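Worksheet: one structure, shown below.
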Amino acid sequence: MKGTAVTTGLKGILSTVGRTPLIELERLVPGFSSRVYAKVERFNPGGSIKDRSALGMLLDRISTGQLVPGRSTVVESSSGNLAIGLAQICRYVGLRFICVVDSRTTKQNIAILHAYGAEVRTVTEPDPVTGELLPQRLRLVARLLAEIPDSYCPDQYSNPLNPRAHLATMAEISEALDGRVDYLLVSTGTSGTLGGCAEYIRRNGLRTEVVAVDAIGSVLFDSPHSCRRLVPGHGSSVRPSLLRTEDADRVVQVSDLDCVVGCRRLVQREAVLAGGSSGAVVAALERIAAGIPDGSTCVLVLPDGGDRYLDTIYDDHWVHRHFGDVSHLWKDPARTTGVRDRADAEQAGGALPGTGA
């Protein structure tokens with residue numbers, strides 16, 4: 001296949017990055033007359049699609065001797081999945097890793113970073129002009145790079161190795177479906193996944209419509225002003241230099257509530273516990289489903305798992321505090337009753353009511 005990334009020859013835990021499962025979701029959208037598949041990226045060793053980007057941005061510099069274990073330092077501003085991916089790789093190859101986070105970073109993520117031996121620097125004071133924490137984090141990264149000899153910042157927002165890593169993501173999808181992918185739905189933040197998948201589609205002449213899923217309040221596509229968002233993982237308050245808006249054939253913007261409902265429906269109907277940006281792509285599919293021709297093949301890229309969202313998206317008290325009583329949006333009484341009836345019938349050794357068995 002043209003344009004696939006080469007990761008052969010990797011050893012240990014790094015050899016497990018990529019080749020994540022593609023599963024069919026038969027229950028996700030009731031009455032939908034097309035096939036839906038999910039690329040489940042939580043099966044990467046660090047738990048997310050960002051393992052691909054992290055490996056891509058470090059591997060070349062390691063192999064060419066630009067990053068030397070025991071001497072070089074990696075510095076990055078990240079409070080989520082990329083940080084964890086980088087921490088795991090740096091631990092394995094013996095690189096020092098300093099991660100710049102802010103006061104909103106979850107305790108769980110900080111604990112994971114410490115477990116991998118990363119040094120965590122926390123920014124607590126916002127930028128006096130914008131009121132945002134990100135500019136202060138970037139200033140601290142710049143200062144550390146100036147102070148520490150032989151240091152390197154991967155910078156996922158501008159590094160072309162980020163989208164290049166996702167040539168392989170799309171190659172895996174295409175190979176599994178013999179190139180028959182009518183719709184690809186990807187959440188968009190740094191635009192690495194979007195850019196790499198779109199480039200593979202162009203190079204290989206696939207007739208795939210790329211749907212970029214963005215957050216309401218993000219500045220990525222035609223929105224001049226950002227606003228506060230609760231669900232991380234997609235959207236951005238800063239437009240990355242990597243972004244090529246023409247990579248998206250269509251853009252769907254979703255709200256925080258859309259993400260919560262998408263996640264809850266995904267676990268309710270398919271038993272897939274996924275993260276917030278996965279809920280975003282589920283919501284986007286439901287938004288456009290009516291216009292998709294019968295018999296199409298749709299692929300959702302699910303960037304990470306839901307285990308890092310248990311105290312937010314999957315916490316009923318958190319959801320109620322931010323959105324009110326919305327559980328009716330994902331609960332399906334008919335489906336729940338059917339599952340319960342079947343379980344009761346099996347336990348009693350009898351037939352499911354109405355089957356005549």
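Just so it is clear, the structure is predicted and the values come from calculations on it, not from any experiment.
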Could you give all pairs that pass the salt bridge (Lys or Arg N to Asp or Glu O under 4.0 Å) test and reach [range], with sequence neighbours left out?
range: residues 85-97; value: R96-E119
range: residues 296-309; value: R42-D307
range: residues 152-163; value: none

Who are the ring pair (Phe, Tyr, Trp, His ring centres under 6.0 Å) partners of W330, not counting sequence neighbours?
none

Excluding sequence neighbours, so at least two apart, what forms ring pair (Phe, Tyr, Trp, His ring centres under 6.0 Å) with H320?
none

Cationic N near anionic O, under 4.0 Å, R164 to E199
no

salt_bridge(R269, E26) N-O dist < 4.0 Å:
no

So with a 6.0 Å cut-off around [atom1] of [X], is the heavy-atom count from everything else above 12?
X: R321; atom1: CZ; answer: yes
X: H317; atom1: NE2; answer: no
X: R287; atom1: CZ; answer: yes

I'd like to know if the side chain of S327 pairs up with that of D316 as donor and acceptor (distance under 3.5 Å, no hydrogens or angles considered).
no

N162 versus S53, side-chain donor and acceptor atoms under 3.5 Å:
yes

Do you know which two heavy atoms are closest between T20 and V40, and how far apart they sit?
CB-O, 3.4 Å

Search all heavy atoms of V93 against all heavy atoms of L14 and return the closest pair with its distance.
CG1-CD1, 4.1 Å

Going by side-chain contact (heavy atoms from CB on, under 4.5 Å), name the residues that satisfy it together with T105, two or more places apart in sequence or in a different chain.
S79, V101, D102, N109, I110

